[in-house]
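All residue numbers in this chain count up from 1 along the given sequence.
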Amino acid sequence: MESLTTVKKNETPLPKLAPYIDHRQEIFPPRSERISDSFLILGSSIVCFLFASVLLASLAFLFRIPITSSQFFTAAGITLLYAILCCLLHPARKGYFNISLVLVLWMSSFFVCLLISKGFFDLSYDGQAYHQEAIIQLDQGWNPFYEQLTSLQSNNMQRWLNHYSKGVWFYATMIFKVTKDIESGKLFHFWLMIAALFVTLSLLLRLQLLSWYLAVLVSILVAFNPVSIYQSLSFYLDGQLMSLMVILIGVLGFIYREPKWIHYFLLLMLIPVLVNVKLTAGIYSGLILIGYLGMLWVRSKFEQFRKTLIYSLVAFLLGFVLFGFNPYVTNTLQMGNPFYPALGTDRSDYTYPQFPANFIGKDSVSLLFYSIFSKSDNVRGTEKMAHLKIPFTVSKDELDAFTDTNAKQGGFGPLFGGAILLSLSIIIGILPILFSRSKKQGSEKSNLGGEKNAPDGASLPILYLGLFSLALILATCLINPASSLARFVPQMWLFPIIAILLAYSVKNKALRILGHLVLMVLILNNVLIGYTYYSYNIKITRLYNQRLEQMAAISRENPIQFYFGAFLSSNTLRFDRFGIVYSIVKSREDCLNGQRILPNSIIMKCETK
């Protein structure tokens, strides 16, 4: 039987189809790539909203205009235009249905996060003491570019409000302006977790290193990490920092593999937002980018090196000078140090008050070791001790540490130490493969950064890239002198995730089994943390609602006296909202027979004289 491609004598040959097929594949890429692109557009659109919000607020402050609700709607409009433009510039995402789907998913994710955040009180110390204080001050017209708050104006929180990063406070204030509910400002925790999920899943689908269900599981683990989970109902910032670092690493992965305009533009939007979450964010992102640029140079990816360097420098300039005029410029002018009070001769000592007795004086390596292998707990002070534990064991009192936003020991979860041991086993198993491959030195072109997989799995450069990433993650953790606190080094969570990817990248049954085990241990670890944290917050929010309603009913006939302490602005706002009639006792000593309104609250209900 003749082949369909055979051409008989004297017949005009058919036109070659290859160019048309290749062109069609370019216009209509495989389904996994189309889904990947949609996820990337969704994730980058969330980042675009944050970028537009902080940009508008910063420009307004520069011209002495306060934050207004109109800035929120303008940022939302810019984001919708960005999402539509991304769809129109991508051939496979053109069309009314595809554009509508992206916009509906973006808006629905926003409203779901908004509803969740409005349903819970932030009862954390920092959240009530200075995060909500900052949002209230901004809502009342404070311009941090030109005004320094006094102790009297800021309820003794002036050091934090005047000198800390303010990006998150800017977009939280915009939401507060629109909803009139300060709790709605917490929505960005969940929304950024969703953005991190979309970007990570987009990258993993592009790389095709994992089956689709493993890509989904790994992406969920990356986005819904312990620190993000147990800060998601608070105004703490470390979870948002982690989500943005995950997105940064994802964007750099795209640029390494197959750079496009959207990747560089996302990098340009992301860095200014990231460096204005916390003072440490600029240091972490700078180290990651330095390591990444070094890797591009070694791999001779000079075009990516040049563009990444230019876009990053522009983004850092924008982030530090405009978005971060306060604190980075104002701190430099007033204190001689852009990172005050985290660094400098007059810096605040965050370590000593957070440490138990056996952590004081320890180096960052020892502290990180304790962060991973100690019993999860919240002990601190010279009379308290942290304790190492047997990996893979869990106790009920250990889980109680995750009712708070700041587990001070074992903050990555009760099973994280076991996951690290399994991850180290994977790394040890990878080394002989690396050694044998190094001898053969035969590589071809591939998916990730350019080398085809060897017969027994990933290429040599991919394995080196994985090990380099592990070293880079460790380096960013060890530069922090308080590395025992998981919330200060949330990126350590990525260590076992990278080990999982290494295990699946080689065709070695034992290593893949270890990869499965690490995956299952991390999933169980997060389920335990999530169940503990959310069930506790459901109960405590319900209890606080009941107490507030009871006090409102009682106070209509007999006004109540309260001592608020550091929680003055945040809780008088709540009390006013519930219609409680009260008077303020300014010192704790003047609060007669004071009783806490909640078990861990500093607010005291005082007897009337």
*Can you say whether the rings of Phe254 and His263 are parallel (under 30°), tilted (30 to 60°) or perpendicular (over 60°)?*
parallel
*Would you call the rings of Trp261 and Phe265 parallel, tilted or perpendicular, where under 30° means parallel and over 60° means perpendicular?*
tilted
Say whether, by atom type as modelled, one donor and one acceptor occur between the side chain of [X] and the main chain of [Y] under 3.5 angstrom.
X	Y	answer
Asn225	Ala223	yes
Glu398	Ser376	yes
Thr200	Leu197	no
Ser312	Leu309	no
Arg512	Val506	yes
His189	Gly239	no
Ser374	Leu388	no
Lys362	Leu367	no
Ser535	Thr532	yes
Ser228	Phe224	no

*asked:* Please evaluate residues Leu517 and Met520 with respect to the criterion side chain to side chain contact (heavy atoms under 4.5 Å, CB included), reporting the C-alpha separation (whole Å), side-chain torsions for both, the decisive distance (0.1 Å), and the verdict.
replied: CA-CA 5 Å; Leu517 287 174; Met520 289 187 289; 3.8 Å; yes
[atom2] on [Y] to [atom1] on [X], rounded to 0.5 Å:
X	Y	atom1	atom2	result
Asp238	Thr280	CG	OG1	7.5 Å
Thr405	Tyr236	OG1	OH	4.0 Å
Leu233	Asn537	CG	CG	5.0 Å
Leu474	Thr476	CG	OG1	7.5 Å
Leu467	Leu434	CG	CG	6.0 Å
Ile500	Ser505	CD1	OG	12.0 Å

Please name the residue in the list [options] that meets the ring-ring contact (aromatic ring centres under 6.0 Å, His included) test with [X].
X	options	result
Tyr370	Phe412, Phe359, Phe355	Phe359
Trp106	Trp191, Phe198, Tyr82, Phe39	Trp191
Tyr230	Tyr533, Phe402, Tyr531	Phe402

Would you tell me whether [X] and [Y] have side-chain atoms, one donor and one acceptor, within less than 3.5 Å of each other?
X	Y	answer
Asp400	Thr403	no
Asp397	Ser395	yes
Ser484	Ser371	no
Ser211	Tyr504	no
Asn480	Ser483	no

*Below 4.5 Å, heavy atoms only, C-beta onward: do Val275 and Ser285 meet side chain to side chain?*
yes
_Just so I know, are the side chains of Ile247 and Ile46 near enough to count as touching, which here means a heavy-atom distance under 4.5 Å?_
no
*Any chance you could lay out the side chain to side chain contact (heavy atoms under 4.5 Å, CB included) test for Leu501 and Leu204, step after step, and finish with the verdict?*
CA-CA 10 Å; Leu501 296 179; Leu204 291 179; 4.2 Å; yes
*Strictly under 6.0 Å, is that where the ring centroids of Phe369 and Phe373 end up?*
yes
_Under the criterion side chain to side chain contact (heavy atoms under 4.5 Å, CB included), I'd like the reasoning laid out for Leu318 against Phe51: C-alpha separation, chi angles, the key distance, then a yes or no._
CA-CA 11 Å; Leu318 187 62; Phe51 175 83; 3.8 Å; yes
_Could you go through Val277 and Ser165, starting from their C-alpha distance and side-chain angles, then the distance that decides it, and tell me whether this counts as side chain to side chain contact (heavy atoms under 4.5 Å, CB included)?_
CA-CA 6 Å; Val277 173; Ser165 301; 6.0 Å; no
